[in-house]
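To start, the structure under review is shown below, and the notes come after it.
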Amino acid sequence: MEYNFREIEKKWQKHWVDTHAYQVSNTSNKPKYYVLDMFPYPSGAGLHVGHPLGYIASDIYSRFKRLKGFNVLHPMGYDAFGLPAEQYAIEHGVHPATSTAQNITNFRNQLDNIGFSYDWSREVRTSEPGYYKWTQWIFLQLFHSFYNRSSQKAESLGVLIADFEKNGNVNHECPGDATVHFTADQWKAYSEKEKQDILMLYRLAFCGYGEVNWCEALGTVLANDEVVNGVSERGGYPVVKKKLRQWYLRITEYADRLIDGLNHIEFSDAMKEMQTNWIGKSYGAEIEFEIQHSNSKMVVYTTRPDTIFGVDFMVVAPEHELIEQITTPEQKKAVEEYITYVKSRSERERQAEKKISGCFTGAYALNPFNGNPIPIWISEYVLAGYGTGAIMGVPCGDERDHKFAKHFHISITNIIGDHYNGVDANPTKDALLSNSDFLDGIVQREAIGIVNARIEEMGIGKKKVNYKIRDAAFSRQRYWGEPFPIQWKNGIAYPLSENELPLLLPTVESYSPGPEGEGPLANIPEWVAKELETNTMPGYAGSSWYFLRYMDPHNESEFCNRKASDYWNQVDLYIGGTEHAVGHLLYSRMWTKVLFDLGHIGFDEPFRKLLNQGMIQGSSRFVYKLVVKSKQTTSEFSFPIFLSSVYYEKFIKHGYISRETIENILNYRFDDKWSEPLPDSTGVLSIVPIHVDVNIVDGFELNIQEFQKWKNGEYANARFILENGKYICGSEVEKMSKSKFNTVNPDVLVEKFGADTFRMYEMFLGPVEQSKPWDTKGIEGVHRFLKKLWRLFFDETKGKVWTDESATSEELKVLHRTIKKIEDDTERYSFNTTVSAFMICVNELSDLKCHKREILEALLVMLVPYAPHIAEELYQHINGSGSILDASFPVFEEKYIIESSKEYPVSINGKVRTNITIALDASPEQVQEIALSNELIQKWMEGKTLKKFIFVKGKMINVVV
RNA sequence: GCCCUGGUGGUGGAAUUGGUAGACACGCAGGACUUAAAAUCCUGUUCGCCGCAACGCGAGUGCGGGUUCAAUUCCCGCCUGGGGCACCA
């Protein structure tokens with residue numbers, strides 16, 4: 001009987017569906033375990049081999065926990081709102097709901113192929129009204145709440161209003177505008193509009209104004225993704241910043257709790273570091289500077305007040321409101337030109353720019369301690385959104401300031417003596433200050449406090465904690481997202497009541513943008529007539545709380561019943577990529593904290609343990625096309641000519657190919673003699689790399705016949721210049737994507753080798769956490785392993801070969817060593833080493849000719865998480881009853897693997913010279929005696945004296961001479 | 001530019017807490033079985049040197065230094081691949 005994986009896998013997949021094998025209940029006397037994959041966006045491109053990596057890992061862990069006696073929640077669903085579906089709708093007129101449903105169907109079919117243990121009865125889709133009703137409901141919770149800084153949690157706005165009526169806002173500093181102060185009487189006297197405007201400054205979900213990428217030519221707002229080098233990706237039109245009314249989430253109020261919460265969850269140190277850096281808490285001071293010949297003042301934020309006497313210039317962000325007031329007439333034109341230039345630049349470009357740019361305003365600030373005038377500059381490297389949008393430039397202590405000063409020939413004051421060498425800035429805090437008036441001779445670290453005290457005393461500044469994190473923009477001028485349950489009346493935002501939810505996304509005629517950068521909803525007269533909000537929510541709205549919905553997916557009266565969330569509690573294991581480090585993973589943590597504060601759930605961190613899967617990269621292949629480039633055009637030969645990679649390498653090395661070389665090659669390589677004249681005799685020959693489908697390349701060798709058929713025969717009449725009779729492609733590791741023709745479809749591999757082989761091979765590739773390029777070569781090894789396993793049970797000619805004989809101690813040792821390895825490694829998510837442990841076990845059992853049920857049955861149970869189909873099939877044969885899914889993981893027993901002696905490596909001065917087998921219970925003295933009396937060791941020690949004898953029990957021996 | 005992360009044979013990787021570097025596979029080479037092929041099995045496979053082999057010697061975990069009896073592992077400096085940087089999800 002042969003291993004017929006196609007038949008076996010179909011059979012069991014059907015059986016598992018028929019028997020609801022993966023349905024899980026919210027009530028159980030088993031302990032619970034919740035394993036979750038990061039919410040996938042069902043893209044039209046379908047799954048490539050990179051996607052299932054994490055899914056397989058989580059599936060293995062879920063099944064493992066089930067064998068260990070847990071009630072395991074392992075759901076899957078779709079983050080179904082998003083930009084690509086809308087873009088597709090604009091281009092093809094297909095409703096996003098239609099294309100999304102289609103994509104989901106494909107996605108699901110691909111997943112089903114792989115044999116996952118998802119409980120599909122709990123599937124959710126964020127674009128379904130039954131789901132987004134609750135996204136809207138949570139938005140209303142945010143809208144109706146503020147962050148009470150004294151109790152350190154979200155509370156109902158009612159609490160705030162009650163206090164305003166009694167005390168004004170003395171107890172509650174205004175988070176949206178710290179300059180807002182009012183008494184109880186003033187509050188009561190305010191109009192409805194004034195009150196609402198003030199409340200808006202407190203709400204956790206609030207409306208404000210923010211800059212977007214505005215493309216006039218397309219009449220739309222663009223995502224950062226759609227802007228390339230300052231112009232639109234589609235069409236290449238100019239993109240500028242534009243201020244629009246936007247919704248925000250006040251995540252800044254949660255900054256401290258988001259930092260603190262990291263101490264209570266198991267994320268990698270790298271991940272915690274990224275989140276901490278993103279939140280960017282810093283301790284510093286705000287200092288006020290007077291401006292010469294002006295009544296205005298400028299406020300800078302600095303983390304280094306100790307360097308106040310080293311300030312040689314000021315820099316304000318190009319958006320800073322002071323600029324207009326302080327710019328001198330002589331500088332006006334230059335400043336305006338500079339600001340125009342900056343408007344066309346994205347924030348990223350501004351920060352990444354190596355070329356220093358800036359413009360002098362003509363104005364001077366005055367150092368509050370010595371009255372020295374300090375020139376005020378504008379530069380793109382200062383961002384408006386951080387701190388006060390103005391910094392003090394201290395060239396001797398900050399690298400960027402230093403470069404700026406050098407570039408604009410601003411003289412540099414050295415306040416740190418020898419610590420500054422005139423060439424590089426030195427950001428030390430340990431130098432003794434000089435040139436610093438009353439701070440001379442004081443260590444910088446201590447001077448910080450002294451200056452802070454002095455500025456507070458003088459009333460020109462105060463200590464200030466700052467955060468880099470900004471409030472999260474929460475609206476999009478798009479169609480395919482959740483509508484806001486908000487109505488606008490006389491400029492006041494009124495929430496819909498809960499019983500009006502869900503506010504359904506209406507159908508539209510066209511998906512193109514509304515007037516003035518508004519979203520498509522602004523084009524619907526009925527919508528506008530009802531004064532409904534025309535923005536929609538961003539992609540991360542639905543994904544910020546989906547892990548809760550899985551616990552109670554069909555509940556129509558609550559977002560999630562408290563009993564269900566109390567039972568399932570936190571996600572015990574969350575698997576996904578690091579690309580979500582500072583987006584999704586911060587937003588969902590914040591939402592969880594809000595829901596906790598408001599008493600809707602009983603925990604304030606969503607994910608107890610996070611495992612980051614590495615990215616499977618594509619290994620792209622290139623063919624090299626010969627073209628002729630003149631100054632204006634690129635022309636081609638009448639039939640395309642491709643050169644093997646060796647020629648391209650030469651071309652790259654020398655930067656050009658001579659006409660003679662090419663003519664020689666052409667004449668020499670083609671049997672029928674090259675007769676065509678080279679096109680455009682004035683042009684330069686050049687070689688252009690083109691991505692070629694990796695599926696028609698074997699290793700690096702191009703399959704020329706397939707290539708000529710590729711892309712509907714676009715290159716059917718191509719000619720090739722080969723090396724050693726082969727066309728060798730170039731290669732590069734890049735993101736796996738359709739446009740790079742480097743995707744590999746799991747369906748193809750499952751069809752050829754089976755799901756079990758595919759699952760194990762994905763794991764065998766390397767540690768889940770590590771990124772690596774995909775290479776299909778090697779999958780055969782895993783497939784051979786499964787066939788070898790099969791042969792432990794069935795012989796091609798003899799049929800069944802397993803027996804009921806009892807196992808020998810040698811066989812038990814193999815089994816129990818494997819149990820220990822599989823259990824330990826699975827527990828620490830080291831799935832690549834478990835696969836090799838299975839291989840070693842099967843190799844050893846084959847060598848021992850072991851076909852004993854006692855051993856094999858335990859092996860099958862361990863294999864279930866990894867290769868469930870073959871395990872279930874073989875289990876049915878040897879056991880005959882029950883499903884292996886609910887078997888118990890075999891119990892490791894130390895007694896089977898105890899060894900009495902060990903072959904010690906013996907080194908002389910750290911170099912291994914021989915191995916000696918010594919009893920494990922030998923004393924160090926005995927070991928030394930045995931080792932030193934060894935012939936080989938004596939030979940090595942000849943003429944030398946023993947300096948030290950190192951013996952690590954069970955590990956090694958080192959003789960130092 | 002800033003933050004995070006990786007670099008070990010021809011290839012993917014192993015070495016879990018500083019203790020035999022290269023487990024397990026792929027590929028390659030040679031062999032067995034077969035009329036032949038597939039499948040399967042066996043042997044070898046880090047590099048260099050000693051004319052082969054055995055044995056042995058030397059080098060070796062991106063590069064350069066350091067700590068240690070001992071470093072892929074710890075420290076310092078550099079080179080380089082990947083991810084993120086706030087409207088892709």
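So that the names make sense, note that chain A is the first sequence line, chain B the second, and so on, each numbered from 1.
Within the 4.0 angstrom heavy-atom criterion, no nucleotide atom of any strand lies near A/Val906. Residue contacts for A/Asp824: at a heavy-atom cut-off of 4.0 Å it reaches no nucleic acid atom on any strand shown. Looking at heavy-atom distances under 4.0 Å, A/Gln246 makes contact with a base. No contact: A/Lys355 has no heavy atom under 4.0 Å from any strand. Looking at heavy-atom distances under 4.0 Å, A/Ser543 makes no contact with the nucleic acid at all. Using a 4.0 Å heavy-atom criterion, one finds that A/Lys947 contacts no nucleic acid atom at all. Within 4.0 Å of A/Met956, counting heavy atoms only, lies at least one base atom of the nucleic acid. Note on A/Asn224: only backbone sugar-phosphate atoms sit closer than 4.0 angstrom, heavy atoms only; bases stay farther off. A/Ile469 comes within 4.0 angstrom of a base, heavy atoms only. If you check every strand for non-hydrogen atoms under 4.0 Å, A/Glu579 touches a base. Within 4.0 Å of A/Lys468, counting heavy atoms only, lies at least one base atom of the nucleic acid. Residue contacts for A/Gly539: at a heavy-atom cut-off of 4.0 Å it reaches no nucleic acid atom on any strand shown.
Taking 90° from 0 as the syn/anti boundary, the base of B/G9 is oriented syn.
Taking the six-membered ring where tryptophan is involved, the planes of A/Trp774 and A/Tyr761 are perpendicular, since the angle between them exceeds 60° and thus also 30°. Between A/His783 and A/Phe753, the angle of the ring planes goes over 60°, which puts this pair in the perpendicular group of the 30/60° scheme. Taking the six-membered ring for Trp and thresholds of 30 and 60 degrees, A/Tyr131 and A/Phe39 have ring planes inclined between 30 and 60 degrees apart. Below 30°, between 30° and 60°, or above 60°: for A/Trp480 and A/Phe81 the angle between ring planes is above 60°, a perpendicular geometry.
Nearer the 5' end of RNA chain B, as judged by each residue's closest nucleotide, is the contact made by A/Ala581, out of A/Ala581 and A/Asn213. RNA chain B is contacted by both A/Gly766 and A/Trp940; A/Gly766 maps to the nucleotide lying nearer its 5′ end (nearest heavy atom per residue).
Of the possible donor and acceptor atoms, none in the side chain of A/Asn612 sits under 3.5 Å from a partner among the backbone N and O of A/Glu769.
Taking 4.0 Å as the cutoff to heavy atoms of chain A, we find the contact window on RNA chain B bounded by B/G1 to B/A89.
Under the 3.5 Å distance criterion, with hydrogens and angles disregarded, a donor-acceptor pair is assigned to the side chains of A/Glu91 and A/Gln87. Between the side chains of A/Lys788 and A/Asn843, at least one donor N or O sits under 3.5 Å from an acceptor N or O. Under the 3.5 Å distance criterion, with hydrogens and angles disregarded, a donor-acceptor pair is assigned to the side chains of A/Ser619 and A/Arg621.
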**Message:** Let me check I have this right: for RNA chain B, each base becomes ., (, ), [, ] or |, based on Watson-Crick or G-U pairs with both distances under 3.5 Å. What is the full string?
**Reply:** (((((((..(((......[....)))((((((.......))))))((((......))))..(((((..]....))))))))))))....
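Taking the C1' atoms as reference points, B/C33 lies 49 Å from B/U17, given to the whole Å. Rounded to the nearest Å, the gap between the P atom of B/C24 and that of B/G44 is 12 Å.
Checked against A/Tyr3 for a ring-ring contact (aromatic ring centres under 6.0 Å, His included), the options A/Phe794, A/Trp790, A/Phe793 give a single hit: A/Trp790.
For the pair A/Lys820 and A/Phe892, the cation-pi criterion (under 6.0 Å, within 45° of the ring axis) is fulfilled.
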